[in-house]
S.K.: 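I am attaching a structure below and will ask some questions about it afterwards.
Chain A is the first sequence line, chain B the second, and so forth, proteins listed ahead of strands; every chain is numbered from 1. The structure presented is a predicted model; accordingly, all values stated were derived computationally and were not measured. Because only heavy atoms are used, hydrogens play no part in the values below, and waters and symmetry mates are left out as well, while side chains stay in.
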Amino acid sequence: MASPASSKPGEIPGWIYNVILPILNLLAALVVSGILILLIGENPINALWVLIQGAFGYADNIGYTLYYATSLIFVGLGFAVAAHGGKFNIGGEGQGYIGGLGIGLACLYMGSTPWPIVMLVAIVGGAVCGGVWGLVPGYLAAKRGAHTVITTIMFNFIASALMTYLLVDVLIRPGQQNPESETFAVTSQLPQVRDILLNFGINIPPNPLNVSFVIALLCCVAVYYYIWRTRWGYELRAVGQNEKAAVYAGISPTMITIISMTISGALCGLMGLNVLMGDQHRIVLNFTAGLGFVGIAVALMGRNHPFGILLASLLFGALYQGGSQLSFDIPVLNRDLVVVIQGLVILFTGALENQFKPYLEWTYRRLTRQSVPQSTKEA
Amino acid sequence: MDNLNDIVTILASTVRLGTPLILCAIAGLFSERSGVVDMGLEGKMLGGAFLAASVAYLTGSPWLGLLAAIGFSIAISMLHGYACVTLNGDQVVTGVAINIMIAGFGPTFAFSWFNLGGRTPNLSGGQRFKDITLPLADTLKDVPVIGTIYDGLISGHNILVYVAFAVVPLSWWVLYKTRFGLRLRAVGENPSAVDVAGISVRGMRYQALVINGVLCGIAGAYLSTAHGAGFIRDMSAGKGYLALAALIFGKWKPGPTLAACLLFAFADAVQVRIQGVPLPFIGMVPSSFVQMIPYVLTVLVLAGFVGKSVGPKAAGIPYVKER
Amino acid sequence: MTSAPNKPASKAAALPALELRKVNKWFGTNHANRDIDLAVQPGTIHGIIGENGAGKSTIMSIVYGFYSADSGEVLVNGTPVTITSPKDALAAGIGMVHQHFKLVDNFTVLENVILGVEGGMKLAAGMARARAELERLEREYGLEVSPDSVVEDLPVGIQQRVEILKALYRGADTLILDEPTGVLTPQEVDELFRILRQLREQGKTIIIITHKLGEVMALTDRVSVMRRGEMVAHRQTAETSKEELAELMVGRKVLLRVAKGPANPGATVLKIDGLNVIDGQGVRRVKDVSLDVRAGEIVGIAGVSGNGQSELLQALSGIMKPASGQILYKGEDIAGDPAKLNARALRKAGVGHVPEDRQREGLVMSFLAAESAILGYHDLPAYNRGILMDRDAIIAETQRYIEKYDVRPTSPTYKSSNFSGGNQQKLVLAREIENDPDLLLIGQPTRGVDIGAIEFIHSRLIEMRDAGKAILVVSTELDEVMSLSDRIVVMFDGHVVGELPASEADERILGLMMAGIDPKKNQAA
Amino acid sequence: DVSPAIIFDMGGKFDKSFNESAYNGAEKFAKDSGVKYREFEITNEAQREQALRNMARRGSNVIAAAGFAQEEAMRTVAKEFPDVKFCIVDSAIEDVPNIRSYTFKEEEGSFLVGMIAALKSQTGKVGFVGGMDIPLIRNFGHGYEQGVKYVASGDEVFMNMTGTTPAAWTDPTKGAELAKSQFDRGADVVYAAAGATGLGVLQAAADAGKFSIGVDSNQNWIHPGSVLTSMVKRVDVAVYDCYNSAKDGSWKGGHEVLSLANSGVDFAMDDNNKPLISDEMLAKVNDAKAKIIAGTLKVEPYTP
Ligand SMILES: Nc1ncnc2c1ncn2[C@@H]1O[C@H](COP(=O)(O)OP(=O)(O)OP(=O)(O)O)[C@@H](O)[C@H]1O
Ligand SMILES: Nc1ncnc2c1ncn2[C@@H]1O[C@H](COP(=O)(O)OP(=O)(O)OP(=O)(O)O)[C@@H](O)[C@H]1O
Ligand SMILES: [Mg+2]
Ligand SMILES: [Mg+2]
């Protein structure tokens with residue numbers, strides 16, 4: 001008789017869990033949203049179509065979808081790195097905001113330097129500023145035991161107060177009402193995908209998708225390698241999973257916590273690359289617009305895995321963009337309803353993710369005629 | 001004398017600002033003590049605020065509004081329970097989902113019920129909880145010190161403020177002096193110990209979530225029918241997150257949690273008071289920096305004096321039977 | 001607190017206190033219990049033995065309602081019962097002490113005992129009643145526990161008493177104990193057995209799961225053997241032998257004591273002088289300990305757990321900082337040099353360390369076996385290529401460990417937590433031994449491991465000794481210390497009580513020394 | 001044929017103040033002319049350009065946007081659609097021919113309500129509650145303070161800002177608390193320039209039996225007897241003007257300043273607050289108003 005654990009003939013294949021289940025969950029979210037839309041007196045099928053078209057229908061819509069996804073990828077990755085190290089970083093909003101300061105300053109003061117150089121400096125600037133905003137809570141957690149949930153929330157508030165001050169009293173373009181900085185020199189703006197395509201004679205409507213999307217993808221790859229393929233990632237995960245074992249293995253949880261929170265903050269800090277350097281071309285008030293919080297849900301839905309985060313970011317990018325198109329085309333389905341739909345999607349795909357699992361397993365076994373007996377408990 | 005007056009008014013402000021934090025933080029205390037992390041305090045409170053205001057407006061009774069708020073918050077808590085306790089879903093994701101959903105839900109229904117945009121109509125007169133003047137407050141008013149404190153700080157709040165302050169000792173009593181409390185503390189610490197003792201882990205967690213819903217509902221009603229006068233989109237303004245921070249700050253214990261809430265509120269009250277006032281030695285400080293004070297103070301206190309806070313061991317982990 | 005009517009134990013033809021008929025249990029595709037039949041006579045002590053993973057804990061968890069069976073019948077005193085939750089089991093008079101304690105660490109003993117049977121809405125009254133009842137139980141059974149101590153501060157032996165008290169307090173007539181002796185010292189085991197026998201005298205029925213055949217022989221009336229999910233044999237204890245049981249369990253002949261030649265000690269590898277260790281609470285745990293370990297010998301440290309052995313091991317492996325004293329490794333004092341006395345540097349310098357608690361320290365349970373198999377060695381060049389780790393090399397190395405140490409299942413990409421305790425232990429041992437240390441520190445080499453695996457682990461350690469390595473073993477298991485060590489050091493209350501060659505050691509002398517009495521000195525005095 | 005559209009800023013169209021006023025302008029135009037309009041509410045920065053462009057692409061030919069934050073986006077999109085008429089409120093754009101921009105002299109209106117506050121105050125202390133500490137809000141406060149000092153140079157003005165995140169505009173309980181703290185310090189009139197947060201300020205004043213001053217729209221009706229007046233900023237007029245001029249063909253690009261002189265800003269008088277403001281007070285305020293319009297009384301704007 002074979003050892004029971006080593007060969008598992010009746011095991012449910014991975015794609016059932018990784019493909020079918022999420023799709024079912026998404027459908028459930030859409031069904032509930034559809035019911036809401038019906039209650040409001042609109043045609044849910046039509047609304048769904050508008051939403052999908054709005055997210056993927058045209059080149060510029062795809063551009064917007066990917067643009068939102070870009071920001072979410074940065075924050076999601078940032079959250080994931082800290083999470084693997086066992087720390088809960090809900091400071092993505094503030095780290096992104098302060099990171100934007102670093103990016104903005106790089107762009108403002110590099111004048112007419114070519115963009116690739118500015119971008120490198122900006123990446124450093126964003127990473128350093130965001131990193132510092134993660135390092136301090138990390139340091140306080142490691143050395144003083146201060147819980148990161150509290151400190152990072154506080155740092156979000158501190159960041160917004162600081163940025164309000166800087167934008168209103170220091171960086172503001174003199175003589176204007178809007179609390180925003182000077183516009184970056186054209187050379188220090190990130191090329192948008194549209195401009196790149198124009199060089200190849202392809203003309204798509206304007207949209208903010210820019211080369212930082214590539215940077216975000218590179219970050220996905222880098223974070224994947226960092227977490228799963230390097231000894232530093234190994235140490236990070238060891239600390240996150242079992243601090244005692246890490247100490248036993250000669251790994252210092254203190255150092256790991258500080259480093260991981262710094263990296264986490266740095267990744268969140270790169271969000272400004274997309275929003276400021278790629279789209280707004282100046283530092284504006286509250287440009288993070290809550291994405292730092294949604295990034296947490298993105299990371300958790302993506303199981304803190306870069307590939308999962310990429311998918312979850314795309315889903316959310318699509319919801320943001322499709323949702324805004326929805327409220328544009330069907331004004332009754334206003335932005336509040338779109339927010340409800342986003343919440344429903346998180347609820348069904350993230351929180352209620354297991355609700356169809358038993359049924360799905362049962363169905364699979366039925367379909368493949370597994371001989372494993374069902375729980376026929378004695379009455 | 002004048003100084004005392006100043007202090008009393010700042011403290012009274014602390015009490016008013018602290019009330020929703022206290023209610024939410026204690027709500028979080030019950031759910032987290034049972035092992036369910038609650039990031040959804042913000043949403044539950046906001047939902048409660050919406051229902052309280054709507055029902056109070058429609059019926060003219062803040063009490064019915066309060067009931068509706070409690071009912072609605074409990075319903076959301078049950079959804080929370082269904083996702084996290086029954087289906088073992090991720091507790092943090094559920095909380096985030098609740099927050100986002102409710103943020104859109106209130107305005108959507110406000111719009112369809114009142115056609116006023118994401119608001120309810122303003123509540124007036126009997127639609128709100130009135131401030132209560134305690135017996136003798138007026139008589140004692142002019143007694144130095146004691147009278148000032150009694151009249152200015154202790155008397156003159158609405159009923160929900162007193163409820164919030166009563167909830168703290170009550171929950172201490174429940175937590176440490178009753179069977180329910182014993183089981184609650186056990187289930188957040190080691191659910192399998194509770195399981196083998198013949199107590200339903202899920203049952204305990206659902207019960208804790210009901211209490212959680214009740215308290216969040218009261219907090220919501222406070223926002224829209226007692227402290228405020230009507231529901232406005234996003235009116236919880238991050239108080240749920242702050243309450244969560246206070247709960248952690250207070251190490252999941254009622255007394256210290258109360259203290260943490262009051263510290264946050266006090267720092268905020270002081271912040272309000274010193275905005276636009278030249279500070280000694282420093283002079284005029286931009287208001288943004290003054291507004292930072294509560295947050296910086298919190299970080300300093302946390303890092304300097306409080307140290308590590310370790311929560312209930314099983315919080316955040318779905319209960320699966322194991323050997 | 002309902003309890004089933006208790007049948008007098010004297011009646012010969014009494015119905016079984018507990019009977020199982022054709023019970024089956026699946027975990028996914030794993031048939032953990034297969035048509036289990038079992039009858040336990042009232043007023044007897046019934047042993048259940050079997051290899052790691054044979055399904056013992058599972059079948060008892062079913063009886064206790066912690067798991068539910070997929071099919072089969074459970075009868076209590078001849079009546080079929082439906083047990084779907086521990087509540088039903090308690091109502092049927094069944095109590096259980098689990099393999100891994102089910103206590104709330106930060107509760108007092110009293111709180112743990114009354115959890116679930118508080119006797120009223122308010123605690124105070126129930127607590128008072130429980131306190132009185134607890135005193136009665138303590139008196140009656142000699143189970144001494146201070147009701148107001150917090151459980152996490154108590155030694156495991158006492159925690160076990162709390163578990164037993166819990167079951168008795170609930171009026172259990174049938175008491176199930178799952179590997180109760182795995183973490184106990186000999187004295188504590190004796191104490192436990194005394195209590196169990198006393199319970200039997202009073203007509204209670206006891207079912208005990210254990211890996212220790214000596215205990216089976218000494219304690220039980222009947223014994224049932226499980227293998228791979230099935231009941232393979234039932235015996236009257238009086239009519240069987242250790243050897244037969246071992247063979248029934250493992251399916252082959254087992255050496256109960258590994259043969260070992262005399263040691264050839266060489267140069268001193270580790271020398272400790274006047275070492276003191278103070279723990280996080282400021283308590284001095286290790287007090288002026290001096291000892292040495294030479295190449296080619298195994299030194300055993302015996303002692304009741306909690307007498308400083310753990311902290312000694314932690315200090316030697318660089319996890320805890322010593323307060324004073326010398327640690328000479330290969331002649332060099334490293335005690336005062338944090339650059340040398342830390343877990344990472346020590347490993348590089350050739351010190352291997354098998355921690356006492358494999359699950360909390362030795363492995364990361366959520367890691368793959370291959371990842372756990374390099375814990376602490378993860379930055380060796382062999383496992384890294386530039387900045388990336390070399391997965392193939394890591395998996396190949398783990399595969400090698402798995403084959404050499406007969407780890408089951410045999411997949412390096414299985415999650416560490418999915419291995420049974422014994423197999424987890426083998427993985428840790430393989431890692432520390434195969435990195436070929438000059439000095440190996442081992443805490444509790446075979447805790448909870450079945451006899452087949454013990455045989456293997458012991459022979460591997462002796463092989464290592466014979467290859468000229470220095471080995472320091474800390475174990476609370478006297479049998480183990482005596483069969484492995486060449487020299488035995490006994491610790492009590494942080495001090496070294498004395499040291500003696502293994503050949504001069506017997507249970508009586510060691511037992512005295514572990515209680516802090518050095519017979520030699522006493523004789524002299 | 002006009003096909004109008006409007007884009008609201010982040011506060012949303014029902015913010016009871018600025019955006020709502022714009023909405024009222026659009027509604028009025030729709031009612032008067034029978035022409036329907038498109039609308040959109042911004043929720044993040046990237047939507048600004050997108051919304052403007054969407055409107056233009058779908059055939060809207062006169063597009064109004066509320067809020068200075070739309071400026072950059074509008075410049076960009078206006079260049080893409082030279083035939084579409086764009087209007088922006090609260091921003092001064094003079095160099096794009098197809099943009100018509102409106103700014104308001106909030107400081108002038110605020111000056112007058114500051115006078116009313118000072119005239120009404122018994123304690124010589126008045127308050128101001130702003131949303132976020134940004135130039136626009138400082139401009140309200142700056143004018144207000146000048147008005148107060150114009151009446152009584154010794155009077156004290158308490159200035160408080162609600163917060164530094166967008167929640168600052170939607171936090172009525174915080175607004176109430178700020179107002180209460182100002183009352184505790186002796187203020188008896190408080191002016192709210194804080195969006196929906198201001199509702200809390202007005203409520204607190206009504207609860208405490210003190211006076212408040214509303215902003216943007218006429219908020220006198222919210223608590224009659226307590227709301228002293230409102231500093232109305234006729235965003236609705238701007239939006240209406242934008243659409244109407246496009247309809248009758250008189251639309252032209254450039255910058256228009258709305259002030260007391262053209263009733264772009266004013267203080268609100270109606271039946272709700274008539275009993276609160278004595279003829280003597282009214283006379284003083286109207287006198288100052290005339291002087292400001294005549295240019296003999298200068299109100300300094302806040303310059304960032
Ligand atoms: N919770 C569980 N999930 C999945 N499989 C389980 C679970 N519990 C037990 N098993 C399976 O049941 C089988 C029997 O496990 P059990 O714990 O009963 O063994 P055991 O005989 O008690 O071993 P040991 O002597 O090591 O304690 C194992 O092979 C394991 O695969
Ligand atoms: N959750 C699980 N999923 C799959 N297989 C499991 C799981 N838990 C245990 N197993 C398998 O069960 C077998 C034995 O498990 P078990 O935990 O009973 O071992 P154990 O020897 O009793 O451990 P210990 O010595 O700590 O009591 C192993 O083959 C292991 O792979
Ligand atoms: Mg077992
Ligand atoms: Mg086991």
Side-chain angles (χ1 to χ4, degrees), chain A residues 36 39-41 88 90 136-137 139-141 143-147 149-169 290 293-294 296-297 300-301 303 332-355 357, chain B residues 39 43 79-80 82-84 86-112 118 233 238 241-242 244-246 248-249 260 286-299 302-304 306-311 316 318:
Chain A
L36 266 181
L39 284 178
I40 286 174
F88 201 80
I90 46 182
V136 179
Y139 178 87
L140 295 176
K143 295 278 191 189
R144 309 286 322 173
H147 205 293
V149 167
I150 315 181
T151 48
T152 53
I153 288 180
M154 298 301 145
F155 268 67
N156 286 341
F157 285 113
I158 297 172
S160 65
L162 181 65
M163 290 297 282
T164 304
Y165 165 73
L166 288 175
L167 283 170
V168 171
D169 285 329
F293 286 106
V294 179
I296 299 171
L300 290 168
M301 281 171 64
R303 306 242 154 85
V332 190
L333 306 182
N334 59 11
R335 59 174 181 167
D336 298 314
L337 189 78
V338 171
V339 171
V340 176
I341 295 176
Q342 287 170 353
L344 284 171
V345 170
I346 304 183
L347 185 74
F348 278 93
T349 58
L352 299 174
E353 59 179 355
N354 294 332
Q355 77 171 335
K357 205 164 147 186
Chain B
M39 288 282 284
L79 176 67
H80 195 176
Y82 176 66
C84 304
T86 302
L87 293 178
N88 293 335
D90 189 296
Q91 300 175 356
V92 175
V93 180
T94 309
V96 172
I98 286 175
N99 290 345
I100 295 182
M101 239 164 39
I102 301 297
F105 174 89
T108 304
F109 280 82
F111 187 77
S112 76
R233 166 204 312 279
Y241 292 103
L242 224 50
L244 188 70
I248 297 170
F249 208 155
S287 74
S288 298
F289 284 98
V290 178
Q291 300 194 27
M292 261 183 221
I293 291 173
Y295 311 117
V296 173
L297 183 73
T298 302
V299 172
L302 189 64
V306 177
K308 200 168 182 127
S309 45
V310 182

S.K.: Under the rule for ring pair (Phe, Tyr, Trp, His ring centres under 6.0 Å), what residues qualify as partners of Phe105(B), not counting sequence neighbours?
M.R.: Phe72(B), Phe109(B)
S.K.: Do you know which of Gly311(B), Ala303(B), Gly106(B), Gly89(B) has the most heavy-atom pairs with chain A at a distance under 4.5 angstrom?
M.R.: Ala303(B)
S.K.: Looking at chain A, which one of Ile248(B), Thr94(B), Val96(B) has the largest number of heavy-atom pairs inside 4.5 Å, strictly under?
M.R.: Ile248(B)
S.K.: Looking only at heavy atoms and a cut-off of under 4.5 Å, which of Lys357(A), Arg335(A), Gln342(A) has the most pairs with chain B?
M.R.: Arg335(A)
S.K.: Is it the backbone or the side chain of Phe348(A) that comes under 4.5 Å from a heavy atom of chain B, or both, or neither?
M.R.: neither
S.K.: Identify the heavy atoms of Val339(A) and Gly104(B) that sit nearest to each other, and give their distance.
M.R.: CG1-N, 3.7 Å
S.K.: So for Leu244(B), is it side chain, backbone, both, or neither that comes closer than 4.5 Å to the heavy atoms of chain A?
M.R.: side chain
S.K.: Taking the six-membered ring for Trp, are Tyr241(B) and Phe293(A) closer than 6.0 Å centroid to centroid?
M.R.: yes
S.K.: With side chains defined as the heavy atoms from C-beta onward, is the minimum distance between Phe157(A) and Leu242(B) less than 4.5 Å?
M.R.: yes
S.K.: Which pair of heavy atoms, one from Val92(B) and one from Ile296(A), lies closest together, and at what distance?
M.R.: CG1-CG2, 4.5 Å
S.K.: Non-hydrogen atoms of chain A under 4.5 Å away: do they reach the side chain of Pro107(B), the backbone, both or neither?
M.R.: both
S.K.: Flag yes if more than 12 heavy atoms outside Phe88(A) fall under 6.0 Å of its CZ atom; otherwise flag no.
M.R.: yes
S.K.: Below 4.5 Å, heavy atoms only, C-beta onward: do Tyr82(B) and Leu352(A) meet side chain to side chain?
M.R.: yes
S.K.: Is chain B contacted by the side chain of Leu162(A), its backbone, both, or neither, given a heavy-atom distance below 4.5 Å?
M.R.: both
S.K.: Which region of Ile102(B), side chain (C-beta onward) or backbone (N, CA, C, O), has a non-hydrogen atom less than 4.5 Å from a non-hydrogen atom of chain A, or is it both or neither?
M.R.: neither
S.K.: Apply side-chain contact (heavy atoms from CB on, under 4.5 Å) to Phe155(A) and Val299(B), showing your working.
M.R.: CA-CA 9 Å; Phe155(A) 268 67; Val299(B) 172; 3.9 Å; yes
S.K.: Check each of Leu347(A), Val345(A), Ile346(A) against Ile100(B) using the side chain to side chain contact (heavy atoms under 4.5 Å, CB included) test, and report the only one that passes.
M.R.: Ile346(A)
S.K.: Can you tell me how far the CE atom of Met39(B) sits from the CD1 atom of Ile90(A), to the nearest 0.5 Å?
M.R.: 4.5 Å
S.K.: Kindly compute the distance separating CG (Leu140(A)) from CG (Leu302(B)), expressed to the nearest 0.5 Å.
M.R.: 8.0 Å
S.K.: Identify the two heavy atoms, one from Thr108(B) and one from Val340(A), that lie closest to each other, and give their separation to 0.1 Å.
M.R.: OG1-CG2, 4.0 Å
S.K.: Looking at Asp169(A), Leu344(A), Thr164(A), Thr151(A), which one has more heavy-atom pairs under 4.5 Å with chain B than the rest?
M.R.: Leu344(A)
S.K.: Using heavy-atom distances under 4.5 Å, tell me whether Ile40(A) contacts chain B through its side chain, its backbone, both, or neither.
M.R.: side chain
S.K.: Atom OH in Tyr295(B), atom CD1 in Ile158(A): separation rounded to 0.5 Å?
M.R.: 9.5 Å
S.K.: Roughly how far, to the nearest 0.5 Å, is the CZ atom of Phe111(B) from the CG atom of Asn334(A)?
M.R.: 6.5 Å
S.K.: For chain A, which of Gly95(B), Ala97(B), Gly238(B), Pro294(B) has the most heavy-atom pairs under 4.5 Å?
M.R.: Ala97(B)
S.K.: What's the shortest heavy-atom distance between Pro286(B) and Tyr165(A), and which atoms?
M.R.: CG-CE1, 3.4 Å
